Amino acid sequence: MSLTSPATSTSNKPLILGITGASGLIYAVRALKYLLEADYSVELVASKSTYMVWQAEQNVRMPLEGVQQEQFWRSQAQVETGGKLHCHPWGDVGANIASGSFRTLGMVIMPCSMSTIGKLAAGLSSDLLERAADVQLKEGRKLVLVPRETPFSLIHLRNLTTLAESGARIVPAIPAWYHNPQTIEDLVDFVVARALDQLDINCVPIKRWEGHLGDEA
């Protein structure tokens, strides 16, 4: 196993980061941290329920106004400068990311609630996050979903199958242990790295598996 070196973005196309009200907002915070540090351009949209989860899990109130929200997310990610970050209100369905003519690297929704999974599988777009995800599917662009739920019901599994068949990549928030994690952040970063791998983005410094160690039996 070896430690990968973060890569720096050479593309001027932005990545869309969608954040829903599923438990585990640390996944979004860590993803944003590494993307901004690697100088990526990020279009961020958080669902309405994300605001309630921040209040419930962290006793922190997330601002609604765009500039203040950008400052909030940079503070959470501890990246005051670097990269580009643009935050969208969840109800702004006329935003640039709502159109297929706005070119992107793709979109990752992390964490992704099963409610959002269900709506996307049914082709429903009730807010900007869902519309942006639907655009990625219809345009044949990369859409990565990181569901954080357990156990999965049969309905969940069928919805995930529908989305996988439609071209989405499903990366459940399931960490590994072969990289010898020492902290919660190590476990989170593994999932973040595997999600970004689906977009050919390598900016998370994790130990990657290179094969068996020691003598073979």
Side-chain angles (χ1 to χ4, degrees), residues 6-99 102-113 116 126-133 135-136 144-146 148 173 183-189 191-193 195-196 199 201-205:
T8 300
S9 170
T10 58
S11 172
N12 57 5
K13 290 190 292 186
L15 170 70
I16 304 173
L17 176 60
I19 307 170
T20 75
S23 181
L25 294 174
I26 187 174
Y27 289 105
V29 171
R30 298 293 286 184
L32 185 60
K33 165 185 167 64
Y34 291 118
L35 288 167
L36 293 178
E37 287 179 343
D39 205 31
Y40 277 87
S41 176
V42 179
E43 302 282 336
L44 186 150
V45 55
S47 69
K48 183 177 181 180
S49 57
T50 304
Y51 295 74
M52 295 182 286
V53 172
W54 266 116
Q55 185 69 33
E57 291 191 348
Q58 304 293 332
N59 197 27
V60 173
R61 186 177 297 277
M62 187 171 76
L64 298 176
E65 197 274 331
V67 174
Q68 293 180 350
Q69 194 177 131
E70 176 185 335
Q71 295 171 347
F72 169 85
W73 283 109
R74 284 189 175 274
S75 175
Q76 293 297 318
Q78 297 182 348
V79 182
E80 296 302 326
T81 60
K84 296 180 181 178
L85 177 61
H86 183 204
C87 297
H88 299 271
W90 75 80
D92 185 11
V93 294
N96 52 7
I97 59 175
S99 172
F102 183 72
R103 300 186 66 192
T104 71
L105 295 175
M107 180 177 185
V108 56
I109 305 180
M110 175 166 40
C112 188
S113 68
T116 300
S126 60
D127 62 17
L128 178 59
L129 185 150
E130 293 158 10
R131 170 58 185 172
V135 165
Q136 307 310 301
V144 183
L145 307 173
V146 183
R148 212 255 19 106
T183 65
I184 291 176
E185 285 76 14
D186 289 342
L187 294 170
V188 170
D189 287 354
V191 173
V192 171
L196 295 180
L199 296 159
I201 294 175
N202 178 28
C203 63
V204 183

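On a predicted model such as this, the values are computed, not experimentally measured, just so you know.
When each of Val192, Val204, Val191, Leu35 is paired with Arg30, the side chain to side chain contact (heavy atoms under 4.5 Å, CB included) condition holds for Val192 and for no other.
With a 4.5 Å cut-off on side-chain heavy atoms, Thr104 and Lys13 do not count as touching. Using a 4.5 Å heavy-atom cutoff, the side chains of Leu25 and Thr50 are in contact. Side-chain contact check for Trp90 versus Leu64: some heavy-atom pair is nearer than 4.5 Å. With contacts defined as side-chain heavy-atom distances shorter than 4.5 Å, the pair Val93/Asp127 does not qualify. Taking 4.5 Å as the limit, some side-chain heavy atom of Tyr34 sits within range of a side-chain heavy atom of Asp189. Using a 4.5 Å heavy-atom threshold, the side chains of Arg103 and Asn96 count as separate. Contact check for Leu36 versus Thr81: no side-chain heavy atoms found under the 4.5 Å cut-off. Taking 4.5 Å as the limit, every side-chain heavy atom of Val42 sits out of range of all side-chain heavy atoms of Lys84.
The minimum heavy-atom distance linking Leu44 with Ala46 is given by the pair CD2-N, 4.1 Å. Looking at every heavy atom in both residues, Val146 comes nearest to Ala195 through CG2-CB, 3.9 Å. Residues Leu128 and Ala98 come closest through the heavy atom pair CD1-CB, 3.8 Å. Across Ala22 and Cys112, no two heavy atoms sit closer than the pair CB-C, 4.0 Å. Contact detail for Ser113 and Thr20: the closest heavy-atom pair is N-OG1, 2.8 Å. Taking every heavy atom of both residues into account, Trp73 and Cys87 meet most closely at CD1-SG, 3.9 Å.
Applying the side-chain contact (heavy atoms from CB on, under 4.5 Å) rule to Thr183 yields the partners Glu185, Asp186; only residues at least two apart in sequence or on another chain are considered. Applying the salt bridge (Lys or Arg N to Asp or Glu O under 4.0 Å) criterion to Glu70, with sequence neighbours excluded, gives Arg74.
In this structure, the side chain of Ser41 does not engage the main chain of Pro14 through any donor-acceptor pair within 3.5 Å.
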Practice problem: Kindly indicate, with the supporting measurements, whether the criterion side chain to side chain contact (heavy atoms under 4.5 Å, CB included) is fulfilled by Gln136 and Ile16. | Solution: CA-CA 10 Å; Gln136 307 310 301; Ile16 304 173; 3.5 Å; yes
Practice problem: Go through the steps for Val45 and Leu17 under the test side chain to side chain contact (heavy atoms under 4.5 Å, CB included), then give the verdict. | Solution: CA-CA 6 Å; Val45 55; Leu17 176 60; over 6 Å; no
Quiz item: Under the side chain to side chain contact (heavy atoms under 4.5 Å, CB included) criterion, do Cys203 and Leu196 qualify, and how do the steps go?
Solution: CA-CA 8 Å; Cys203 63; Leu196 295 180; 3.9 Å; yes
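Here CG of Leu85 is found 8.5 Å from CD of Glu43. Values are rounded to the nearest 0.5 Å.
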What side-chain donor-acceptor pairs closer than 3.5 Å can you find for residues 51-62, not counting sequence neighbours?
| unit_1 | atom_1 | unit_2 | atom_2 | d |
| --- | --- | --- | --- | --- |
| Tyr51 | OH | Gln69 | NE2 | 3.0 |
| Gln55 | NE2 | Asn59 | OD1 | 3.4 |
| Glu57 | OE2 | Ser23 | OG | 2.6 |

